[in-house]
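Below is one structure, written out as structure tokens; comments come after it.
Convention: sequence-line order gives letters A, B, ...; per-chain numbering from 1. Just so it is clear, the model here is predicted, and its values are computed rather than measured.
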Amino acid sequence: MATRHQTISFLSDYGTADEFVGVVKSVIRAIAPHAAVIDISHEVPAHDVRAGGLTLARAAQYLAPGVVLAVVDPGVGTDRRPVAIEVGDGESVLIGPDNGLLAPAVAMVGGATRAVELAEAAYRLPAPGPTFDGRDVFAPAAAHLCAGVALDDLGPEIDTAGLRPGIMALSRPEGDGIAAEVLWVDRFGNAQLNVDPDDLAAYGERVELRAGAGPVRSARRARTFADIGPGEVGLIVDSYGLATIVLDQRSAADELGIGAGDAVTLLPADDDMGDPTPTTVSTPVRLGQRGGPT
Amino acid sequence: MATRHQTISFLSDYGTADEFVGVVKSVIRAIAPHAAVIDISHEVPAHDVRAGGLTLARAAQYLAPGVVLAVVDPGVGTDRRPVAIEVGDGESVLIGPDNGLLAPAVAMVGGATRAVELAEAAYRLPAPGPTFDGRDVFAPAAAHLCAGVALDDLGPEIDTAGLRPGIMALSRPEGDGIAAEVLWVDRFGNAQLNVDPDDLAAYGERVELRAGAGPVRSARRARTFADIGPGEVGLIVDSYGLATIVLDQRSAADELGIGAGDAVTLLPADDDMGDPTPTTVSTPVRLGQRGGPT
Amino acid sequence: MATRHQTISFLSDYGTADEFVGVVKSVIRAIAPHAAVIDISHEVPAHDVRAGGLTLARAAQYLAPGVVLAVVDPGVGTDRRPVAIEVGDGESVLIGPDNGLLAPAVAMVGGATRAVELAEAAYRLPAPGPTFDGRDVFAPAAAHLCAGVALDDLGPEIDTAGLRPGIMALSRPEGDGIAAEVLWVDRFGNAQLNVDPDDLAAYGERVELRAGAGPVRSARRARTFADIGPGEVGLIVDSYGLATIVLDQRSAADELGIGAGDAVTLLPADDDMGDPTPTTVSTPVRLGQRGGPT
């Protein structure tokens with residue numbers, strides 16, 4: 001007996017200027033009128049599978065159980081597979097192109113327990129052209145799952161080990177410091193790094209940041225935005241538990257000239273370097289628990 | 001007995017920075033709390049009735065049965081009529097100003113079967129000023145229809161033949177070619193033309209594009225984005241069944257310097273012209289069925 | 001017995017490019033799946049408490065009874081209090097930071113009847129970092145209220161007189177004229193002033209506008225956009241009952257070089273000044289009723 005899901009969480013790079021998002025929701029409404037659709041974001045940069053995958057992964061642990069519909073799909077119309085990936089033994093199903101977009105979120109919630117290719121024509125819409133699989137393939141599959149269609153009715157089961165992985169840059173030690181990458185710049189200009197605050201345990205209150213050709217900047221570790229003085233660069237633990245470069249009420253990304261994907265090196269500040277036993281007692285940072293709410 | 005509609009599909013040029021869309025939905029919620037509102041788009045360029053009408057027409061065949069609420073209304077407060085247009089003998093009702101905005105969508109779904117002017121004061125909100133009919137006239141009408149008020153209670157019936165038509169440019173033969181117009185540039189920079197792919201049946205794989213003062217470009221007909229090489233201009237059948245100028249993962253509109261409403265001339269490419277019996281067998285285009293899913 | 005609210009009206013400065021809004025809605029969905037969320041706007045300029053407060057106040061009288069969730073919160077993580085403010089003896093509850101954001105809306109609907117600080121940990125999510133109270137504090141509170149939790153279970157009652165007021169600029173007489181402020185520039189470039197049209201009763205058809213270093217402009221009072229000639233500046237009563245500077249189908253704010261918060265002085269035009277008994281009979285303005293629909 002298939003679960004009758006109640007919620008579809010929807011992410012895409014469709015933007016909201018065109019009718020794409022509305023049409024997808026209309027298709028869902030016709031098939032599964034009881035399902036609520038929650039927009040995660042539709043302003044993923046066009047064709048940016050990496051950014052879409054990270055956005056979905058950040059949201060993943062908070063999403064309502066049900067169906068996740070994600071479409072950032074530069075290969076639409078090619079032989080890349082449209083897939084549905086079950087997680088949590090059926091608690092949720094992620095639907096989208098098999099191009100790495102879904103992989104970080106799938107990993108975040110414990111990995112795939114089953115997957116199918118969306119090959120069954122009965123659960124697609126006839127398409128005037130092959131460029132809008134969100135409407136013609138993915139939305140109908142999401143809606144039919146909500147309406148009670150079983151996962152394996154959507155198409156043949158595929159090996160979850162053969163799903164395309166996401167490319168996630170890991171930070172690594174480099175000399176005395178950490179070679180990191182900007183994962184994400186949010187609306188406020190905060191620059192999230194792929195750095196676990198625990199990796200900064202031996203650092204003092206100040207951390208040196210080297211990014212691109214810009215000057216070396218000194219960041220002060222702090223607990224919250226308002227702890228950072230005017231003009232000062234801060235390094236806080238963000239709401240996802242990662243080290244993040246911030247300014248108070250201004251854009252750190254603009255100030256430092258950095259964007260998503262850029263390399264940033266973190267080094268202990270000189271004054272700490274001169275101290276043979278760098279202390280962590282003085283740091284005002286309260287390191288957050290990685291992982292989410294229960 | 002009036003139908004109790006369940007869905008309101010909503011399009012406007014209100015944008016989402018101001019509270020306009022939220023206020024319209026709040027007005028609907030107070031009158032018809034059971035109705036779901038699906039946003040088609042609120043980023044129609046300000047006052048652009050043509051663009052709004054085309055957006056609504058593209059979406060029309062996919063919309064859930066019910067009420068369509070559309071507001072792009074530069075004449076708000078004047079004597080242009082606020083109207084409700086029934087289609088499909090009551091399956092759906094389109095509500096908005098009678099300024100041509102609704103006409104393309106009405107035509108797309110088979111034409112008006114009845115119409116009324118929204119004159120009944122009992123189904124309006126009292127208005128502090130005459131500039132927000134979306135809130136004061138159109139939203140209440142849409143919501144009251146969902147709550148079970150009959151169409152002809154909203155105001156006097158009017159002649160559907162007297163409704164203001166939309167202005168839709170048709171492509172036409174011009175010399176050896178086709179004089180066309182860009183109907184729409186989507187978020188990805190794809191430029192949809194008012195050209196049925198069937199009209200290109202006698203063309204070869206390459207089509208010459210002349211637009212504005214720019215150089216003549218050669219476009220290759222293809223099935224999907226990924227079939228188009230780097231730097232190459234493609235001509236595909238888009239998801240609505242129309243010929244569309246595209247690049248792979250880049251904006252064709254930017255590359256060619258064209259926008260909505262611009263004229264584009266399509267001509268058979270020289271190599272085809274030299275061929276006395278231009279063949280269509282070699283074309284990789286699979287022409288889509290015009291018309292929508294069932 | 002607590003009210004089981006059905007609707008959450010949601011405003012923030014989160015933007016829609018990131019997943020913030022979607023995550024807040026997902027948190028709500030998990031706690032109160034029956035609640036409908038209506039977006040007022042999420043494009044309040046980042047950290048702009050004044051603009052957010054005005055947007056909420058404009059929307060307030062139209063919002064469905066229930067919960068209002070508003071987050072523009074530059075002091076997140078500091079000791080500014082998270083609060084829930086009851087209005088209308090429980091008809092609605094406004095939730096957000098106590099930084100003046102909620103105050104104009106609370107005043108607009110008759111003032112606070114009760115308030116609590118959101119201190120109860122049982123109704124918060126555990127937070128990896130202290131920077132996303134929308135997700136971790138405010139959304140859970142809003143959802144639990146909808147699910148039937150009583151207001152005073154969310155935390156200790158606080159004195160409503162101690163809530164932080166909003167800063168609202170009032171217009172004032174200045175010489176022969178009125179010293180006013182631009183409250184808001186909407187998507188269409190209309191510039192709403194903090195001026196009651198009644199205060200212009202003694203003015204003639206023309207009003208002189210002085211703004212910044214720009215030239216003095218003459219505005220014609222009119223009822224609606226279409227009454228204003230090409231190139232002419234108009235002064236109308238907007239949909240909230242306030243005097244507003246407009247152009248027909250163009251941006252008045254761009255034309256006059258003014259933005260929200262800018263000072264504008266209104267003076268009777270010279271021809272009226274020369275008239276010892278300025279007449280109001282000739283004015284085409286029909287002054288709207290201030291106040292909202294019933």
Neighbourhood of chain A inside residues 76-85 of chain C, taking heavy atoms under 4.5 Å as contact: V76(C), G77(C), T78(C)

State whether the number of non-hydrogen atoms from other residues, nucleotides or ligands found under 6.0 Å of R164(C) atom CZ is greater than 12. no

Donor-acceptor pair, distance only, cut-off 3.5 Å: does the side chain of R135(C) make one with the backbone of S239(A)? yes

Given that the side chain runs from C-beta out, which part of I38(A) has a heavy atom under 4.5 Å from chain C: side chain, backbone, both or neither? side chain

Name the member of I28(C), D13(C), D133(C) that forms the most heavy-atom pairs with chain A at distances under 4.5 Å. D13(C)

Contact between R223(A) and P130(C) at the side-chain level, heavy atoms closer than 4.5 Å - yes or no? yes

So what's closer than 4.5 Å to chain C heavy atoms on D186(A): side chain, backbone, both or neither? both

What is the minimum heavy-atom distance between A46(C) and R187(A), and which atoms define it? N-NH1, 4.1 Å

Side chain, backbone, both or neither of V37(A) within contact of chain C (heavy atoms, under 4.5 Å): neither

Short side-chain to backbone donor-acceptor contact, R29(C) and L63(A), under 3.5 Å: no

Members of residues 14-27 of chain A whose heavy atoms come closer than 4.5 Å to chain C: none

Measure the OH-CG distance between Y62(A) and D136(C) for me, rounded to the nearest 0.5 Å. 5.5 Å

